[in-house]
Amino acid sequence: MPELPEVETVRRGLEPVMLDRRIERIEVRRFDLRGRIPKNFADDIAGQKVSRLLRRGKYILAEMENGEGFGLHLGMSGRIKIQPDGTVAESPKQTTHDHVVFTMADKTKIIFNDPRRFGMLFRVGKKWDSEKPFSAMGPEPLGNSFNGPVLEKKLLKKNAPIKTVLLDQNVVAGVGNIYACEALFLAGIHPTKKSSAVRGKKIEALVRAIQKVLNLAIEAGGSTLRDHRKTDGSEGYFQHNFSVYDREGRTCPGCTCDLAKTGGIRRITQAGRSTFYCPRKQK
DNA sequence: CTCCTGTCCTGCCGGC
DNA sequence: TGCCGGCAGGACAGGA
């Protein structure tokens, strides 16, 4: 589920309850998420104040007052639930996959829930930027270091289809299956086009398309297909603004095709993932 | 090295 | 209604 906009939505939801607040206690109920939560995780982190709350790609990073901290990845189905002290109890079904519970000094509970357990929770050092997943990670698409020339350099090195390459976090951070499809549609680029064959103005268009779709999705609170929720439990609504994703056989925005003739938006499989595109507008 | 496939895990949806 | 196969927003190992 969570791509950059969903993760950013969650990060923003965490700010008011976690930033500059002390974590009193951490209860890890299940350690066997992806990569396993380190045994000492709770002891290492609890008792400290959160001094910064960042996002890098699809990861949320919490930096503690001693400069170290932790990383959180929501995987496919991860959610963060925030419960003020005294919240009414949830049903067993809602709490079954509550794997980690952070209790803040003011007794607010921050719960990491993840049915599929593809999520990750791990420690990072002061120089997390030069550690494992982050050191090789591509630029932040909404930051200053993402532009045509930077993207072009990366795309030139690849022979895989452009859609597949956009999913590579070392090319650009935070883009996943939904927003790769949407950005390619906006830029008018066919998803099977070879990465290295996307050149010049198309690259500029792709940069703008990625930025546009991510910004719009953040404003909408992300896309809720099944799992994504804001930290208050409400849904994002960008899924209502999809141009092609999950719209096989339907028309794209502003479409003038005869659906009966064209069959509308197509769905193909690339590198094991569904790709949606408009064969008329994407070349 | 690059690229693709399979795998991790659970839940849900559609078809029969 | 009930069961079963297929599919899902991600990341990564391993094989070609």
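Naming convention: chains lettered A, B, ... in sequence-line order (proteins, then strands); numbering from 1 in each chain.
- In this entry the distance linking CG of Leu225(A) with C1' of dG11(B) reads 14 Å, nearest Å.
- Distance CD (Gln270(A)) to P (dT5(B)): 11 Å, rounded to an integer number of Å.
- Between Phe242(A) atom CZ and dA8(C) atom P there is a gap of 13 Å when expressed in whole angstrom units.
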Report each atom pair, protein N/O against N/O of nucleotides 14-16 of chain C, whose distance is under 3.5 angstrom.
none

Protein-nucleotides 2-4 of chain B N/O pairs closer than 3.5 Å?
| from | atom 1 | to | atom 2 | distance (Å) |
| --- | --- | --- | --- | --- |
| dC3(B) | OP1 | Asn159(A) | N | 2.3 |
| dC3(B) | OP1 | Ala160(A) | N | 2.9 |

Between protein and nucleotides 11-13 of chain C, what N or O pairs are separated by less than 3.5 Å?
| from | atom 1 | to | atom 2 | distance (Å) |
| --- | --- | --- | --- | --- |
| dA11(C) | OP1 | His73(A) | NE2 | 2.7 |
| dA11(C) | OP2 | Lys58(A) | NZ | 2.8 |
| dA11(C) | N3 | Arg34(A) | NH2 | 2.9 |
| dC12(C) | O4' | Arg34(A) | NH1 | 3.4 |

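- Rounding to whole angstrom units, CG of residue Asp246(A) and P of dA8(C) are separated by 9 Å.
- The two residues Val165(A) and Ser195(A) come nearest to each other via the heavy atoms CG2-CB, 3.7 Å.
- Residue side chain Arg117(A) does not reach the base of dC9(B) through any donor-acceptor N/O pair under 3.5 Å, judged by distance alone.
- For the pair Asp114(A) CG and dC8(B) C1', the computed distance is 12 Å after rounding to whole Å.
- For His97(A), no side-chain nitrogen or oxygen approaches OP1 or OP2 of dC9(B) to under 4.0 Å.
- Taking atom CG of Asp168(A) as the reference point, atom P of dG10(C) lies 13 Å away to the nearest angstrom.
- Rounding to the nearest 0.5 angstrom, the gap separating the CD atom in Glu219(A) from the CG atom in Leu216(A) is 5.5 Å.
- Using a cut-off of 4.0 Å between Lys/Arg side-chain N and Asp/Glu carboxylate O, Glu27(A) and Arg29(A) are scored as salt-bridged.
- Using the Watson-Crick or G-U wobble rule with both distances under 3.5 Å, dT1(C) pairs with nothing in any strand shown.
- The distance from atom CZ of Phe276(A) to atom P of dA8(C) is 7 Å, rounded to the nearest whole Å.
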- May I have the step-by-step check of side-chain contact (heavy atoms from CB on, under 4.5 Å) for Val50(A) and Arg21(A), ending in yes or no? CA-CA 6 Å; Val50(A) 177; Arg21(A) 311 269 177 147; 6.0 Å; no

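- Results of the ring pair (Phe, Tyr, Trp, His ring centres under 6.0 Å) test with Phe70(A) over Trp128(A), Phe41(A), Phe112(A) single out Phe41(A) as the only residue that passes.
- Spacing of P atoms, dC7(C) relative to dT5(B), comes out at 14 Å, to the nearest Å.
- Going from the P atom of dC3(C) to that of dC9(B) covers 24 Å, rounded to whole Å.
- Here the options are Val150(A), Asn147(A), Val198(A), Leu156(A), the test is side chain to side chain contact (heavy atoms under 4.5 Å, CB included), and the partner is Ile203(A); only Val198(A) passes.
- Here the options are Asn113(A), Leu72(A), Asp114(A), the test is side chain to side chain contact (heavy atoms under 4.5 Å, CB included), and the partner is Ile80(A); only Leu72(A) passes.
- For dC9(B), there is no paired nucleotide, since no Watson-Crick or G-U wobble pair has both relevant distances below 3.5 Å.
- At dA8(C), one or more side-chain N or O atoms of Ser274(A) fall inside 4.0 Å of OP1 or OP2 (strictly under the cut-off).
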- May I have the step-by-step check of side-chain contact (heavy atoms from CB on, under 4.5 Å) for Gln211(A) and Leu142(A), ending in yes or no? CA-CA 6 Å; Gln211(A) 292 171 332; Leu142(A) 301 179; 4.1 Å; yes

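- Here dC8(B) presents its P atom at 20 Å from CD1 of Ile37(A), a figure rounded to the nearest Å.
- Using a cutoff of 4.0 Å between basic side-chain nitrogens and carboxylate oxygens, Asp168(A) and Lys158(A) are scored as salt-bridged.
- Nearest heavy atoms, Pro191(A) versus Thr275(A): CB-CG2, 3.5 Å.
- Taking atom P in both dG6(C) and dG6(B), the straight-line distance is 13 Å, to the nearest Å.
- Across all their heavy atoms, Lys163(A) and Cys181(A) have their closest contact at CE-SG, 3.9 Å.
- Using a 4.0 Å heavy-atom criterion, one finds that Arg267(A) contacts the sugar-phosphate atoms exclusively.
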| Val124(A)/Glu131(A) under side-chain contact (heavy atoms from CB on, under 4.5 Å): CA gap, chis, key distance, verdict | CA-CA 8 Å; Val124(A) 295; Glu131(A) 293 172 11; 3.7 Å; yes

